[in-house]
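Below you'll find the structure, written out as structure tokens, and then a few comments.
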Amino acid sequence: MKAKKEHVKFTYPEADAYVDWLVENEGVWWRGSSRFKERHDLIRSYAATSGITYVRLLAWYENQRDAYKKLKNELGKSGAPRRKLSEHQEWLLRCFRFYDAVIRSDAVVSQPLKNLSRQPEEVESDQEEDQEGGTQDLEAIEHDAALVSTSNPDTSQPPKKKSKKTTRDEDEQALLRELRDSIQATTEIIKTFAPRPPPTN
């Protein structure tokens, strides 16, 4: 069971002096301070000069800190009290404003990340939608490609290969032409060697 905190009362001059010291020594209440680990030693040093025991100083600070946090929570975002505040509550709101930075910092840290707060079903649903969308996009691309290939036939394709029969016929025709030309050339040569008829008187 958590021990009940000791109820400690200070006079207003004592409280004002202690608050002024707290404002100047943020290592007592600010976790981001490099001296936060020394907060108890800091309070002991103030106890040595103020004549108030360390136990009473620590208990009073923790009581006032918790009371201020509770009061700020009751006031909410508007900051307007729902009921008339006591003299001590008004003093708290006026003198413990330095602790607002800690309250804001704690509120930011305690907020869960939006992505981590999502349900697993929502994440799986998003993945399924992405997969379906990717399939639909692929089908659309393939469809568009088919339309393009139909409307714009590719004219850069190489000509079809000729059949073996066509090639053989062309080779025979070429050979016949060469033979014919060769026969004509031979005939012309023979004519040059043929005896000429004698001249007539």
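The figures that follow rest on heavy atoms only: side chains count, while hydrogens, waters and symmetry mates do not.
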For the atom pair [atom1] ([X]) and [atom2] ([Y]), what is the distance rounded to the nearest 0.5 Å?
X: Leu75; Y: Leu85; atom1: CG; atom2: CG; value: 6.5 Å
X: Arg44; Y: Thr49; atom1: CZ; atom2: OG1; value: 14.5 Å
X: Leu42; Y: Arg35; atom1: CG; atom2: CZ; value: 4.5 Å
X: Ser45; Y: Asn25; atom1: OG; atom2: CG; value: 7.0 Å

Would a hydrophobic clustering, with Ile, Leu, Val, Met, Phe, Trp and Tyr connected at side-chain separations under 4.5 Å, put Trp30 with Phe36?
-> no

Nearest heavy-atom neighbours spanning Ser33 and Gly27 =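 Closest heavy-atom pair between Ser33 and Gly27: OG-CA, 3.5 Å.
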
Taking all atoms of both residues into account, what is the closest heavy-atom pair of Leu58 and Ile43, and its distance?
-> CD1-CD1, 3.9 Å

Given side chains that start at C-beta, do those of [X] and [Y] come closer than 4.5 Å, heavy atoms only?
X: Asn73; Y: Ile103; answer: no
X: Glu14; Y: Thr11; answer: yes
X: Glu90; Y: Lys84; answer: no

Please answer whether the main-chain N or O of Lys9 pairs with a side-chain N or O of Arg56 as donor and acceptor at a distance below 3.5 Å.
->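 Yes, the answer is positive, given that a donor and an acceptor are paired below the 3.5 Å cut-off.
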
Main-chain N/O of Trp21 paired with Glu24 side-chain donor or acceptor, under 3.5 Å =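 No.
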
Are Tyr12 and His88 close enough, and set up right, to give a side chain to side chain contact (heavy atoms under 4.5 Å, CB included), and what steps lead you there?
-> CA-CA 10 Å; Tyr12 278 114; His88 180 68; 4.2 Å; yes

Scan the side chains in residues 91-102 for donor-acceptor partners under 3.5 Å anywhere in the protein, sequence neighbours excluded, and list what turns up.
unit_1: Trp91; atom_1: NE1; unit_2: Asp16; atom_2: OD1; d: 2.9
unit_1: Arg97; atom_1: NE; unit_2: Arg94; atom_2: O; d: 3.2
unit_1: Asp100; atom_1: OD1; unit_2: Tyr68; atom_2: OH; d: 2.6
unit_1: Asp100; atom_1: OD2; unit_2: Tyr68; atom_2: OH; d: 3.4

Would you say the ring centroid of Trp60 lies under 6.0 angstrom from that of Tyr18?
-> yes

Among Val28, Ile52, Leu22, the one residue meeting side-chain contact (heavy atoms from CB on, under 4.5 Å) with Leu57 | Ile52

